[in-house]
Amino acid sequence: MTITVQLFASYAEALGAKSIQVELPEDATVEALMVALSELPGANRLPPKPLVAVNLAYAAPDMILTSGDEVAIIPPVAGG
C-alpha cells in the first residue's frame with residue numbers, strides 16, 4: 001500500500017522533501033512506517049519516536065494504516 005508522508009521544518013530538510021510516498025505491506029502500523037523512514041538517507045536526524053498524525057488526527061505507534069492515508073511527522077514547536 002502507498003502512504004503519503006508530509007514532513008515539516010527540519011524533518012523536511014533532513015529527508016530533502018516536504019512530501020514522500022512510502023510503500024508498506026497491508027496492515028502496517030505507524031511504527032512500521034517509522035522503521036521504513038529510518039532507512040532513508042538523512043533520517044538519522046529524525047527522533048526515534050516523533051509526534052505523528054494520520055489524516056489530521058494524532059496517532060499512536062500501534063495504529064494500523066490503510067492505503068491512501070496521509071501521515072504528518074510533526075517537529076517540536078517553540079514560541080513565545
Side-chain angles (χ1 to χ4, degrees):
M1 71 177 161
T2 302
I3 302 297
T4 301
V5 180
Q6 301 294 329
L7 302 160
F8 304 97
S10 62
Y11 297 171
E13 290 175 24
L15 292 172
K18 292 182 179 181
S19 178
I20 58 175
Q21 301 285 317
V22 178
E23 290 295 324
L24 294 171
E26 294 297 321
D27 296 325
T29 62
V30 168
E31 185 173 17
L33 171 63
M34 296 312 301
V35 169
L37 287 177
S38 73
E39 298 170 1
L40 298 175
N44 61 330
R45 293 175 43 198
L46 298 177
K49 296 184 187 243
L51 187 58
V52 175
V54 177
N55 301 325
L56 303 177
Y58 291 116
D62 62 350
M63 179 180 180
I64 295 174
L65 299 169
T66 58
S67 188
D69 279 348
E70 184 175 271
V71 176
I73 311 299
I74 304 168
V77 179

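The structure displayed is predicted, hence computed values, not measured ones.
- Side-chain atoms of Leu37 and Ile73, non-hydrogen and from C-beta on, do get closer than 4.5 Å to each other.
- Scanning both residues, Ala28 and Ala32, for their nearest heavy atoms gives CB-CB, 4.1 Å.
- Looking only at side-chain heavy atoms (C-beta outward), Leu15 and Leu46 come within less than 4.5 Å of each other.
- Residues Val5 and Ile74 are members of separate hydrophobic clusters, defined by side-chain heavy-atom contacts under 4.5 angstrom among Ile, Leu, Val, Met, Phe, Trp and Tyr.
- Atoms CG and CD, from Leu65 and Glu70 in turn, are 12.0 Å apart once rounded to the nearest 0.5 Å.
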Apply side chain to side chain contact (heavy atoms under 4.5 Å, CB included) to the pair Met34 and Lys49, showing each step before the final yes or no. CA-CA 8 Å; Met34 296 312 301; Lys49 296 184 187 243; over 6 Å; no
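- Distance check: Gln6 CD to Lys18 NZ gives 10.5 Å after rounding to the nearest 0.5 Å.
- At a threshold of 4.5 Å between side-chain heavy atoms, the hydrophobic network of Ile, Leu, Val, Met, Phe, Trp and Tyr places Ile20 and Phe8 in two separate groups.
- In this structure, OG on Ser67 lies 10.0 Å from CG on Leu24, to the nearest 0.5 angstrom.
- Closest approach of Tyr11 to Pro76, counting heavy atoms only: OH-CD, 3.5 Å.
- For the pair Glu26 and Thr66, the minimum side-chain heavy-atom distance is 4.5 Å or more.
- Put simply, the side chain of Leu33 reaches to within 4.5 Å of the side chain of Val22, judged on heavy atoms.
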Assess the residue pair Gln21 and Thr4 against the criterion (side-chain hydrogen bond (donor to acceptor under 3.5 Å, both in side chains)); give the C-alpha distance rounded to whole Å, side-chain angles, the decisive distance to 0.1 Å, and a yes or no. CA-CA 5 Å; Gln21 301 285 317; Thr4 301; 2.9 Å; yes
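- Taking both residues in full, the closest heavy atoms of Ala59 and Val54 are given as CB-CG2, 3.5 Å, listed atom of the first, atom of the second, then distance.
- To the nearest 0.5 angstrom, Asp69 atom CG is 11.0 Å from Ile64 atom CD1.
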Please walk me through it: do Val30 and Val71 pass side chain to side chain contact (heavy atoms under 4.5 Å, CB included)? CA-CA 9 Å; Val30 168; Val71 176; 5.7 Å; no
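- Under the 4.5 Å side-chain criterion, counting only non-hydrogen atoms from C-beta, Tyr58 is not in contact with Val52.
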